[in-house]
Amino acid sequence: MTERKPSDISFETWVDRQVRMARERGDFDDLPGTGKPLPGAGKSVEEDWWLKSYLNREGLTADTLLPTPLRLRKQIERLPETVRELRSEREVRELVADLNTEIVEWLRAPSGPFILRVGRVDAEEVVAQWRASRPKPPPAPPAEPARSWWRWPRRDRKP
C-alpha cells in the first residue's frame, strides 16, 4: 500500500477502496483465526482488561506496576516469608545483597513518591531471623568413645 491518496477523494472512500482491492487480491485469505469466533465474544468486558492481559502474557505481577519505593517497601515487608524458603545462609545473604543493591540504586536516582522512606536492610538481622525460623535438627546419637592407639587391651579382661 504505497499508493498515496489522491486529493480529490475523501479519506474514507480511499480506505474502503484499498480494503476492497486487497480482498479481491486475496490478501485476507488464510489468515490465522479465519472462521473461528473472536476470543471473549459475548462476555462482558472487564475494566483494565488490556492491562490484565498484558500482565498474564508477560508473566508479570501487579507489583511491577507500583512506584519503585512502594515496590521496595513491599519486598522488605515480605522478606521474612521469602527467606524462610531458602536453604542456606549464603542464599539469604545473596538475596539481601541484591535487594540492598536495588535500594541503593533507587536512592542514587530517586523517582516516584518521596513520602515513603526506604533504607537498606541489615543482612545480619535477616540471617538471625532466618536461623530462628529454621527447625532445630534432631540431636545426634551419642558417639562411641574412640580407642586411643597407644592403649593396648588388657590381657586380664576377656573380650
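The first residue of the sequence shown is numbered 1, and numbering continues consecutively from there. What you see is a predicted model; the values in this text were computed from it and never measured.
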Per the side-chain hydrogen bond (donor to acceptor under 3.5 Å, both in side chains) rule, what does the pair list look like for residues 33-47, sequence neighbours excluded?
Glu46-Lys52

Minimum side-chain heavy-atom gap Thr61-Thr64 below 4.5 Å
yes

Suppose we screen for salt bridge (charged side-chain N to carboxylate O under 4.0 Å, His left out). Which residues come up paired with Glu91, at least two apart in sequence or across chains?
none

List for me each residue that meets salt bridge (charged side-chain N to carboxylate O under 4.0 Å, His left out) alongside Glu24, sequence neighbours excluded, and say none if there are none.
Arg20

Please list all pairs passing the salt bridge (Lys or Arg N to Asp or Glu O under 4.0 Å) test where one or both residues lie in residues 112-122, with sequence neighbours left out.
none

Pairing residues for Val45 by the side-chain contact (heavy atoms from CB on, under 4.5 Å) criterion, not counting sequence neighbours:
Trp49

Heavy-atom pair with the smallest gap, counting every atom of Val19 and Phe28:
O-CE1, 3.9 Å

Calculate, to the nearest 0.5 Å, the distance between atoms OG and CD belonging to Ser88 and Glu94 respectively.
7.5 Å

Less than 4.5 Å apart, any side-chain heavy atom of Gln75 and any of Glu102?
yes

Report the residues that fulfil side-chain hydrogen bond (donor to acceptor under 3.5 Å, both in side chains) with Arg25, sequence neighbours left out, ordered by chain and then residue number.
Asp27

Can you list the other members of the hydrophobic cluster that holds Met21, where links are side-chain heavy atoms under 4.5 angstrom apart?
none

Please identify each residue that fulfils side-chain hydrogen bond (donor to acceptor under 3.5 Å, both in side chains) with Arg87, with sequence neighbours left out.
none

When rounded to the nearest 0.5 Å, the distance separating CG of Asn100 from CD of Glu105 is 11.5 Å

Tell me whether the count of non-hydrogen atoms from other residues, nucleotides or ligands lying under 6.0 Å of CG in Asp30 goes above 12.
no

Going by the rule salt bridge (charged side-chain N to carboxylate O under 4.0 Å, His left out), which residues pair with Arg78 if we only count those two or more places apart in sequence or in a different chain?
Asp63

Taking the hydrophobic residues Ile, Leu, Val, Met, Phe, Trp and Tyr, and joining any pair whose side-chain heavy atoms are under 4.5 Å apart, which ones share a cluster with Leu86?
Leu72, Ile76, Leu79, Val83, Val92, Leu95, Val96, Leu99, Ile103, Trp106, Leu107, Val118, Val121, Val126, Val127, Trp130

Could you work out, with side-chain hydrogen bond (donor to acceptor under 3.5 Å, both in side chains) as the rule, every residue matching Arg108, not counting sequence neighbours?
none

Is there a path of hydrophobic side-chain contacts, each under 4.5 Å between heavy atoms, that joins Leu66 and Leu60?
no

Counting C-beta onward and ignoring hydrogens, is there a side-chain heavy-atom pair between Gln129 and Arg134 closer than 4.5 Å?
no

Residues which pass salt bridge (charged side-chain N to carboxylate O under 4.0 Å, His left out) with Arg131, listed by chain and number, not counting sequence neighbours:
Glu89

Answer with yes or no whether the hydrophobic clustering places Leu65 together with Trp50; edges join I, L, V, M, F, W, Y residues whose side-chain heavy atoms lie under 4.5 Å apart.
yes

